[in-house]
Visitor: 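Attaching a single structure in structure tokens format; questions to follow.
In this text the structure is predicted, and so the values were computed from the model without any measurement. Residues: numbered from 1 along the sequence shown.
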Amino acid sequence: MTVNAKVEPTNQTFSIRSVVDFFRHKSTLIAFLLVCLFFGVINPAFSTGTNLLNIVDQSAVLAVVAMAMTIVIIAGGIDLSVAVSLDLGAMSAVSLLKAGIFWPFSIVAGLLTGALVGLFNAFNVVRFGISPFLATLGMLFIGESIQRIYTQGGEPIYMARMTPAYRFIGKGDVGGIPFEVILAVLVVLTFFLLIERTIHGMRWRAIGAQYEAAQINGIRVERYTALAYVISAITCAFAGIMLSSSLSSYVPVSGIAYLLDAIGAVFIGASIDKESRPNILGTLLGVLFFGVINNGLNLLGVHFYWHTVARGLLIFIALILTTLNQRKSE
């Protein structure tokens, strides 16, 4: 007679598994801390308060653009035209400032320009059913051409005597903290509350996860999809205003420098989520990770060509971790 004994997993087995799961889900955060420790040991100047504040300051514009990218990706899309929204927002605001228009109206005009880009994207994606990738890629090409035509080949628009209030956006400080850092924090906080703490965020997640199911459950998927693109574009136009204030000028096609980093930050951030979903705090971690790498390599005197290699490797690692998490969930 054979007795089949069921072997119950021991507490030790559960403990080891939980530790492994913890390190897998937190590996990106752990890597971030280790990189900070590495740069701090190699060059003590990295850990100074002034340098850390400098990292945050240099990451402010990217953080705003990455928030815009996050909401679109959460909703199941992609927005390659964030660069155009940034550029055209800055172009409109600076052009009006140079023409003597009162600065609040110039800012509003820049934001409205971004809204038009968002509406154009939303119309193509929602009404015509064009792939978000292709629709926003087309907008990227159109927007870059508009800038070159407007500036007669890409000449920057300089503001030697920029209005002090407008200049304060990118160059002012409050209690020693750069004002653009404060603005970036407010944008991140707003997106966190909107996406992580409201019913609207839940609906965007539902649309991104199961479009048809969201439709069946009564979610107005077309309205929410369109709204994601409009919010994204307005947010990026605001980032353009921040950048133009910091540079005291509008530089055509400068937004393209933020496009790939914004996408990378979103997917790096997704690796810290148990279900590998894009999330606001994860995206912020991705932005700071890029900022730390760029700053640390600069302090070490590494040629800027290698900065892109480091960012690329970081994205590859994040994608591998995301894939492992998804397989574990399945």
Side-chain angles (χ1 to χ4, degrees), residues 63-89 92 107-140 142-143 183-184 186-242 255 258-259 262-263 265-266 269-270 277-284:
V64 175
V65 177
M67 292 301 112
M69 184 67 74
T70 302
I71 191 172
V72 175
I73 293 179
I74 284 176
I78 188 76
D79 189 357
L80 300 181
S81 67
V82 292
V84 165
S85 301
L86 184 154
D87 288 331
L88 295 184
S92 298
I107 291 177
V108 170
L111 297 178
L112 288 176
T113 302
L116 290 176
V117 174
L119 287 170
F120 184 81
N121 289 332
F123 190 78
N124 286 322
V125 172
V126 174
R127 291 301 179 191
F128 289 136
I130 300 175
S131 157
F133 181 89
L134 295 177
T136 57
L137 179 63
M139 185 67 241
L140 176 63
I142 293 171
L183 291 176
L186 290 175
V187 170
V188 171
L189 181 61
T190 300
F191 272 80
F192 177 79
L193 295 175
L194 176 64
I195 295 176
E196 307 291 347
R197 294 293 185 268
T198 70
I199 187 65
H200 305 295
M202 294 176 61
R203 288 170 178 169
W204 272 311
R205 290 193 183 282
I207 294 169
Q210 292 287 342
Y211 186 91
E212 291 78 10
Q215 225 170 9
I216 293 172
N217 281 285
I219 297 177
R220 297 178 177 179
V221 294
E222 291 187 350
R223 177 176 295 182
Y224 273 93
T225 300
L227 187 59
Y229 284 99
V230 173
I231 291 175
S232 171
I234 293 175
T235 303
C236 289
F238 181 67
I241 290 169
M242 290 171 58
Y258 297 93
L259 171 58
I263 295 175
V266 174
R277 300 175 305 178
N279 59 93
I280 295 301
L281 294 181
T283 297
L284 180 60

Visitor: How far apart are the closest heavy atoms of Ala262 and Ala66, and which atoms are they?
Guide: CB-CA, 4.0 Å
Visitor: Just one of Ile231, Thr283, Thr70 clears the side-chain contact (heavy atoms from CB on, under 4.5 Å) bar with Phe191, so which one?
Guide: Ile231
Visitor: Taking side chain as C-beta onward, heavy atoms only, is Val125 less than 4.5 Å from Ile130?
Guide: no
Visitor: For the residue pair Leu86 and Met242, establish whether any side-chain heavy-atom pair is separated by less than 4.5 Å.
Guide: no
Visitor: Is any side-chain heavy atom of Ile107 closer than 4.5 Å to one of Phe238?
Guide: no
Visitor: What residue among Ile280, Leu183, Val64 forms side-chain contact (heavy atoms from CB on, under 4.5 Å) with Val188?
Guide: Ile280
Visitor: Please examine the side chains of Met69 and Ile263, heavy atoms only from C-beta on, and report whether any two atoms are closer than 4.5 Å.
Guide: yes
Visitor: I'd like to know if the side chain of Ser92 pairs up with that of Thr113 as donor and acceptor (distance under 3.5 Å, no hydrogens or angles considered).
Guide: yes
Visitor: Look up atom OG in Ser85 and atom CG in Leu140, then write down how far apart they are to the nearest 0.5 Å.
Guide: 10.0 Å
Visitor: I need the Leu116 CG to Leu111 CG distance, nearest 0.5 Å.
Guide: 11.5 Å
Visitor: To the nearest 0.5 angstrom, please state how far the CE atom of Met139 sits from the CG atom of Leu88.
Guide: 6.0 Å
Visitor: With no hydrogens and no angle check, is any side-chain donor or acceptor of Trp204 less than 3.5 Å from a backbone partner on Tyr224?
Guide: yes
Visitor: Roughly how far apart are Glu222 CD and Arg127 CZ, rounded to 0.5 Å?
Guide: 5.0 Å
Visitor: Any side-chain donor-acceptor pair under 3.5 Å between Asp79 and Thr136?
Guide: no
Visitor: Are the side chains of His200 and Leu227 in contact, using a 4.5 Å heavy-atom criterion?
Guide: no
Visitor: Side chains of Leu194 and Ile71: closer than 4.5 Å at any heavy-atom pair?
Guide: yes
Visitor: Quick check for you: to the nearest 0.5 Å, what is the distance between Met67 atom CE and Ser232 atom OG?
Guide: 11.5 Å
Visitor: Should Pro132 and Tyr229 count as side-chain neighbours, where that means a heavy-atom distance under 4.5 Å?
Guide: yes
Visitor: Supply the atom-to-atom distance Leu134 CG to Leu80 CG, rounded to the nearest 0.5 angstrom.
Guide: 9.0 Å
Visitor: Apply side-chain contact (heavy atoms from CB on, under 4.5 Å) to the pair Val82 and Tyr258, showing each step before the final yes or no.
Guide: CA-CA 8 Å; Val82 292; Tyr258 297 93; over 6 Å; no
Visitor: Side chains of Thr198 and Leu193: closer than 4.5 Å at any heavy-atom pair?
Guide: no
Visitor: Could you check whether atom CD of Glu196 has more than 12 heavy atoms from other residues, nucleotides or ligands sitting under 6.0 Å from it?
Guide: yes
Visitor: Closest heavy-atom contact between Pro278 and Ile73?
Guide: CG-CG2, 3.7 Å
